[in-house]
Peer 1: 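Input: one structure, supplied below.
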Amino acid sequence: MIEIKSVSKSYGEVRAVDNMSLTIPDATFMGLLGPNGAGKTTLIRMLIGLIDSDEGQITIDNKNVSRDNQSLKKKIGVVPQHINLDKELSVKENLTFSGMLYKMDRKVIKRRVDELLEVMDLTKAKDRVCKRLSGGMKRKLMIAKALIHDPQIIFLDEPSVGIDLKARREIWDILKRMNSDGKTILITTHYIEEAEYLCDKVSLMNEGKIFYCDTPSNLIDMIGKYTVEYFENLVQTKFKYFKTLESAKVFADGINDKYTIRDTTLEDVFYSFAHRMVK
Ligand SMILES: Nc1ncnc2c1ncn2[C@@H]1O[C@H](COP(=O)(O)OP(=O)(O)OP(=O)(O)O)[C@@H](O)[C@H]1O
Ligand SMILES: [Mg+2]
């Protein structure tokens with residue numbers, strides 16, 4: 001279990017994470033959504049012990065992340081937001097080298113590398129140096145690298161940026177499977193449909209704070225299951241959310257322009273949350 005208790009982190013004047021508390025039970029698939037600069041990456045960097053918090057405490061399985069970092073390392077896999085590959089090494093060498101850093105047995109490394117190359121559809125490119133990979137292939141290799149030691153907890157910071165649709169769906173399947181095998185996963189993403197598809201729970205974050213943390217369907221119920229989408233004065237698309245279809249219809253009847261009534265999505269929740277933040 002991951003426990004974040006009253007954690008804060010500032011960079012000079014910027015309070016990147018502000019008195020945040022969150023508990024992530026084992027085998028949860030948690031999504032962390034928030035606009036640019038919300039503090040998502042800062043939180044992940046504290047969760048993996050890369051930076052210390054200014055205040056508060058983070059524990060993973062009752063171990064303090066900043067103090068017991070070495071013993072936790074084997075349990076955790078991280079896909080950072082920015083490319084962290086050794087660009088002069090080949091795909092296979094990058095993975096093998098990561099396995100060696102975890103002091104894994106050579107035979108196990110070899111088996112695991114072959115498995116992950118296959119899963120990520122990188123077998124054909126295994127001898128290519130990383131600087132010659134496409135953007136999406138680099139992302140896939142980063143995910144493979146994070147999984148080399150079969151970690152129990154996986155943090156992914158915008159893992160699917162630049163990955164094509166087919167590969168993204170394949171990665172979703174891999175992550176879903178790992179989660180149903182009992183792994184705990186925390187993912188940040190700007191692709192809301194990714195969070196809606198994958199996550200049991202979603203935390204909405206802005207300015208260093210978590211405002212809501214619930215299942216996607218409860219978050220949708222919170223703003224209203226039915227959305228009326230309409231074009232106001234032919235210049236701006238507007239959205240209004242309703243708890244019942246009847247009330248949505250009553251409202252829609254009063255609109256002079258074109259409108260549609262549809263099911264609310266997590267994207268609407270995020271949009272209305274972000275909109276409120278701006279006001
Ligand atoms: N090393 C740093 N030095 C100074 N300020 C930083 C540093 N890292 C992050 N910040 C600031 O902290 C705040 C939170 O940044 P963070 O990278 O955690 O956001 P994020 O939610 O990951 O955003 P994005 O969606 O753009 O990746 C921002 O205002 C950012 O400018
Ligand atoms: Mg970030």
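Whatever order the structure lists ligands and atoms in, that order sets their numbers, starting from 1.
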Peer 1: When you compare the side chain of V17 with that of S8, does any pair of heavy atoms fall below 4.5 Å?
Peer 2: no
Peer 1: Before signing off on this row, confirm whether G34 and ligand 1 have an N or O atom pair separated by under 3.5 Å.
Peer 2: no
Peer 1: Is the shortest side-chain N to carboxylate O distance from K249 to D253 below 4.0 Å?
Peer 2: no
Peer 1: Considering only heavy atoms of Q81, which atoms of ligand 1 have at least one such atom less than 4.0 Å away?
Peer 2: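 Atoms satisfying the 4.0 Å criterion: 27 (O).
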Peer 1: Please indicate whether any nitrogen or oxygen in G39 is less than 3.5 Å from any nitrogen or oxygen in ligand 1.
Peer 2: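 Right, the criterion is met.
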Peer 1: Out of K40, M46, H82, K9, whose heavy atom sits nearest atom 21 (O) of ligand 1?
Peer 2: K40
Peer 1: Run the contact test for R45 against ligand 1 with a 4.0 Å cut-off on heavy atoms, strictly below, and give the result.
Peer 2: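 So R45 does not count as touching ligand 1.
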Peer 1: Under a 4.0 angstrom heavy-atom cut-off, which atoms of ligand 1 come close to T41?
Peer 2: 17 (O), 18 (O), 20 (P), 22 (O), 27 (O)
Peer 1: Does A38, backbone or side chain, put an N or O under 3.5 Å from an N or O of ligand 1?
Peer 2: yes
Peer 1: Hey, is the Mg ion (ligand 2) within less than 2.8 Å of some N/O/S atom on Q81?
Peer 2: yes
Peer 1: Please write down residue, atom name and distance for the protein heavy atom closest to atom 15 (O) of ligand 1.
Peer 2: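 Protein heavy atom at minimum distance: T42 OG1, 3.8 Å.
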Peer 1: Any N/O/S atom, backbone or side chain, of N36 lying under 2.8 Å from the Mg ion (ligand 2)?
Peer 2: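 Checking the Mg ion (ligand 2) against N36, no N, O or S atom falls under 2.8 Å.
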Peer 1: Please confirm whether E158 comes under 4.0 Å of ligand 1, counting heavy atoms of the residue only.
Peer 2: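 Distance cut 4.0 Å: E158 passes for ligand 1.
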Peer 1: Which protein heavy atom lies closest to atom 9 (C) of ligand 1, and at what distance to 0.1 Å?
Peer 2: Y11 CE1, 3.3 Å
